[in-house]
Amino acid sequence: MIPSVLPTYNRAPLSFVKGEGAWLTEADGRRFLDLGAGIAVNALGHAHPALVNALTEQAHALWHVSNLYQIPQQQALADMLVEHTFADTVFFTNSGTEACELAVKMARKHFHDKGQPERVEIITFDGSFHGRSSAGIAAAGSEKMTKGFGPLLPGFVHVKFGDLDAVTTAITDRTAAILIEPVQGEGGIRPVPDADMKTLRRICDENGLLLILDEVQCGVGRTGRLFAHEWAGITPDIMMVAKGIGGGFPLGAVLATENAASGMTAGTHGSTYGGNPLGCAVGCAVMEQVATPAFLEGVSRKAGLLRQKLEGLVADHPEVFEEVRGMGLMLGLKCKATNTDVVGAGYDNLVITVPAADNVIRLLPPLTLTEDDIAEALIRLDKAATQVEKQLATA
Ligand SMILES: *Cc1c(COP(=O)(O)O)cnc(C)c1O
């Protein structure tokens with residue numbers, strides 16, 4: 001009999017009932033160190049006082065009004081994002097994949113309105129992830145996500161990750177844009193080198209294409225910059241944001257330049273809940289914390305410490321791990337053992353990590369992780385690795 005919850009997830013038998021900072025309490029009272037943060041969502045950890053205040057204050061005042069009216073919280077968050085980024089304008093969504101939908105529509109409408117309606121194709125990369133909507137799965141294109149789901153949204157051209165020659169070859173007079181994650185998340189924490197990001201920007205400029213960045217997972221301070229593309233010293237035309245921006249409240253956004261967004265006039269797009277007062281009040285509180293040099297320096301400092309200790313962990317457990325990869329607090333441990341076994345051993349030792357493709361486990365802790373948390377993380381990860389080693393020895 002089908003479960004009452006549609007069984008599209010393989011869920012661990014863990015029910016968390018309370019969170020504080022980087023810590024989660026299970027229904028049976030056990031306390032887990034959370035290095036997953038809801039897959040890079042709880043950027044400020046669990047129950048951050050500033051977010052709890054923002055949400056409860058707004059909840060007492062007003063939950064929902066339609067986008068038919070002014071929404072001051074939405075205006076404030078858009079102004080903050082415009083102030084701190086390349087963007088001239090912002091549309092709010094409830095999720096990352098809805099941001100993908102608009103990014104695709106915006107790019108096509110841009111060329112349509114510029115008199116090049118044949119430019120509809122978007123070049124994307126293998127191993128990418130852009131969410132589970134029809135545009136999202138067509139953009140990523142993997143068999144795992146698309147098989148059985150009928151005719152896919154046309155207009156995506158897939159090239160090998162890291163193969164910039166293939167990008168150039170794929171460009172035709174039907175190409176509208178290149179869409180890429182600066183650091184692949186689901187794909188196994190694979191950063192795009194700065195030089196490649198610069199080359200992609202140049203390729204877009206030379207061919208009159210739009211550069212769309214998916215910073216749903218790597219954005220909002222995760223890499224130690226407000227957005228990951230800043231490390232390469234380039235800017236996109238369109239950027240998808242979600243996950244961290246809501247700190248746990250469902251919130252996403254598409255950021256764009258005035259030029260890229262020029263086709264999106266009144267009536268061309270909409271959302272019932274996107275940009276609602278609750279989400280935007282929380283989003284403003286997230287931005288107030290994260291978008292400061294001191295906070296971002298703190299992320300880089302803690303990331304350096306965590307990474308150094310993880311290098312030691314890998315060296316101590318060569319049968320379990322191969323290497324550390326990633327940027328900032330978006331780190332991956334490429335496994336020699338089976339990644340899901342390592343995640344499971346983590347559960348046994350009260351530390352939460354997240355599996356990814358390419359046999360990687362992801363560490364995406366709250367950006368507010370403390371040095372004590374990092375020390376505790378290493379103790380628990382070391383125990384988990386030792387447990388996996390024992391399992392391997394008796395297998
Ligand atoms: C999670 C994710 C998405 C999809 O976001 P949802 O909120 O789950 O729709 C899109 N792109 C990237 C890079 C992601 O990590």
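Here, residue 1 is the first one in the sequence, and each next residue gets the next number. Ligands are counted one by one from 1 in listed order, and the atoms in each one are counted from 1 as well.
- When heavy-atom distances to ligand 1 are checked against a 4.0 Å cut-off, Glu181 comes that close only through its side chain, counted from C-beta outward.
- Near Ser95, with a cut-off below 4.0 Å to any heavy atom, the atoms of ligand 1 are 7 (O), 9 (O).
- Within 6.0 Å of atom CD in Glu319, 12 or fewer heavy atoms from other residues, nucleotides or ligands are found, so the atom counts as exposed in its surroundings.
- Counting only distance, with no hydrogens or angles, the side chain of Arg325 and the backbone of Gly188 share a donor-acceptor pair below 3.5 Å.
- For the pair Thr97 and ligand 1, the shortest N or O to N or O distance falls below 3.5 Å.
- For ligand 1 and Gly131, the ligand atoms under 4.0 Å from any heavy atom of the residue are 3 (C), 4 (C), 10 (C).
- Residues His158 and Asp126 have side chains not in contact (no heavy-atom distance under 4.5 Å, counting atoms from C-beta outward).
- The ligand atoms of ligand 1 that sit less than 4.0 angstrom from a heavy atom of Asp214 are 10 (C), 11 (N), 12 (C), 13 (C).
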Kindly determine whether Lys336 and Glu322 satisfy salt bridge (charged side-chain N to carboxylate O under 4.0 Å, His left out), including the steps that lead there. CA-CA 6 Å; Lys336 211 171 265 172; Glu322 253 177 66; 5.6 Å; no
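- Considering backbone and side-chain N/O atoms, Glu186 never comes within less than 3.5 Å of an N/O atom of ligand 1.
- Counting heavy atoms from C-beta on, the side chains of Val167 and Ile178 come closer than 4.5 Å.
- In this structure, Leu367 and Phe295 have side chains that are in contact, with non-hydrogen atoms separated by less than 4.5 Å.
- Of all protein heavy atoms, the one closest to atom 10 (C) of ligand 1 is His130 C, 3.4 Å.
- Using a 4.0 Å cut-off between heavy atoms, Lys243 contacts ligand 1 through its side chain alone, with no backbone atom that close.
- Proximity of atom 7 (O) of ligand 1 to the protein is indicated by at least one non-hydrogen atom lying closer than 4.0 angstrom.
- Using a 4.5 Å cut-off on side-chain heavy atoms (C-beta onward), Pro236 and Ile238 make no contact.
- Among the atoms of Gly96, some N or O lies under 3.5 angstrom from an N or O of ligand 1.
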